[in-house]
There are 2 protein chains.
Amino acid sequence: MRMTPMIESFVCHFGEMGSRWGFNRTVGQIYALLVINQQPLCANDIGELLGISRGNVSMGLKELHSWQLVQTTHRPGDRKDYYQSRGSIWDMANRVFEERRKREIDPTLSLLRDILLDEAGNAEEAYAQERIAEIHDLLENITDWAQSLQSLSPEKLNTLMKLGSGVGKVLEFKDKLMTKKAD
Amino acid sequence: MRMTPMIESFVCHFGEMGSRWGFNRTVGQIYALLVINQQPLCANDIGELLGISRGNVSMGLKELHSWQLVQTTHRPGDRKDYYQSRGSIWDMANRVFEERRKREIDPTLSLLRDILLDEAGNAEEAYAQERIAEIHDLLENITDWAQSLQSLSPEKLNTLMKLGSGVGKVLEFKDKLMTKKAD
DNA sequence: TAATGCTTTCAGAAATTTCTGAACATTCAA
DNA sequence: TTGAATGTTCAGAAATTTCTGAAAGCATTA
């Protein structure tokens, strides 16, 4: 593969974007490269295309592996490992959400829970606990919800997203039905 | 205010969490302090409580200000600025989403769009464009959807979240109705 | 107009993160 | 058993981010 300007700008940008999403620049660039390249690439190719050291490539691939975003393939009569992106773009987004939840939200939730179990020592701490409870509940709601959305089929998720704020109407409708039933 | 162990652990952790969410440790800690403290604090208090320099406090508050997460108040006969967190926890979450979208997603969408406007120079670029289009569409869908959810009232959003994956059932139901209507 | 009390700015220091490359590990073929 | 090809690790170098503190700015009051 050659680095055309189009491909280079994508890979570069994805590197920067990556660092916002919880992995570093190199990891983002390696992944970008593998996503837009139909043929699997070996570690050497990757290092040369991105101009980074072998060690760095190895560490980056290790990271992507732990995120289950790449898979390794082999060619007959060739001992090199070849790497490919794994799953659909949807899978990728899910993985990123999941990983971030595990690394960033869960520990926070657990700390907040611990704090809420403590007895407030004074009025200030009592107030603090109220606010912390709000944050805890919000985080918990959002993550629970995100998880239940992930269990929805992609088609249903798509319907839901297409609905946009129109989902409000559907909810009203459902409310009406529930009320009738209760009569 | 005093830094009790409970409050200290919250503030510390929020600092680390903050750095994952697009603002640095200090900004996270200052915000945590203001959220759990009912009384407004002045810059000096903040610096002392967190053990950071005057300049750092000022920069942190400036950042929080630009995110519209704090407001400044004054006391009669006191020239110092006092700071308070602003809005509900929900507002805070919205602000964070919004800011992150503006800073992280929008530039990427715009780059991807530009790339998609270019003519593919060869088969490799054509394949790359296909994958880039997938990413673009996914990002666009998600952000559009997130935006339309933000326009929903908090109560409706809450209903929706409580529904969890049960939203699937409601969608099926709506589908049936739409089909009947079309008959 | 000078002094005071407070905030802001920013150059460079300190801390943190990322990257390199040499050393080591592993596998296979000769 | 040796050596060639490849992958992995990790100490320290390089790059990046964050923080400090001194200087400057800005009102206000004496």
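Below, read A as the first sequence line, B as the second, and so on, with proteins coming before strands; counting in each chain starts at 1.
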Whole angstrom value for the distance that separates P of dT8(D) from CD1 of Ile52(A): 14 Å
State, without any angle test, whether Glu125(A) and Thr4(B) hold a side-chain donor-acceptor pair at a distance under 3.5 Å. yes
Using atom CD1 of Ile46(A) as one end and atom C1' of dT20(C) as the other, report the distance to the nearest whole Å. 17 Å
Interatomic distance where CG belongs to Leu64(B) and P belongs to dT8(C) [whole Å]: 13 Å
For a quick test of reading the model: is some side-chain N or O of Ser58(B) closer than 4.0 Å to OP1 or OP2 of dT9(C)? no
Using 0.5 Å steps for rounding, measure from the OH atom of Tyr31(B) to the CE atom of Met92(B). 4.5 Å
Euclidean distance, atom CZ of residue Arg25(A) to atom C1' of dT16(D) [Å, nearest integer]: 10 Å
What about Arg54(A), does its side chain sit under 3.5 Å from the base of dG7(D) through a donor-acceptor pair? yes
Give the rounded distance in Å between these two atoms: CG of Leu61(B) and P of dT8(C). 8 Å
Would you indicate which nucleotide in dT8(C), dG7(D), dT18(C) comes nearest to any side-chain atom of Lys80(A)? dG7(D)
dT7(C) P sits how many Å from His65(B) NE2, rounded? 13 Å
How long is the line joining CG of Asn56(A) and P of dT17(C), in whole Å? 16 Å
Counting the atoms with a prime plus P, OP1 and OP2 as sugar-phosphate, which does Asn24(B) contact under 4.0 Å by heavy atoms, base, sugar-phosphate, or nothing? sugar-phosphate
Has the side chain of Arg79(A) got a donor or acceptor that lies under 3.5 Å from a partner of the other kind on the base of dT6(D)? no
Quickly, which of Gln129(B), Glu124(B), Arg131(B) forms a side-chain hydrogen bond (donor to acceptor under 3.5 Å, both in side chains) with Tyr127(B)? Name it, please. Arg131(B)
Is Arg95(B) salt-bridged to Glu98(B), going by a charged N under 4.0 Å from an acidic O? no
Are any side-chain N or O atoms of Asn94(B) and backbone N or O atoms of Asp91(B), one a donor and one an acceptor, separated by less than 3.5 Å? no
Take the protein atom NZ of Lys62(A) and the nucleotide atom P of dA25(C), then report the distance between them rounded to whole Å. 16 Å
Closest nucleotide among dT7(C), dT18(D), dG7(D) to the Asp81(B) side chain: dT7(C)
Across the strands shown, which category fits Asn44(B) at heavy-atom distances under 4.0 angstrom: base, sugar-phosphate, nothing? nothing
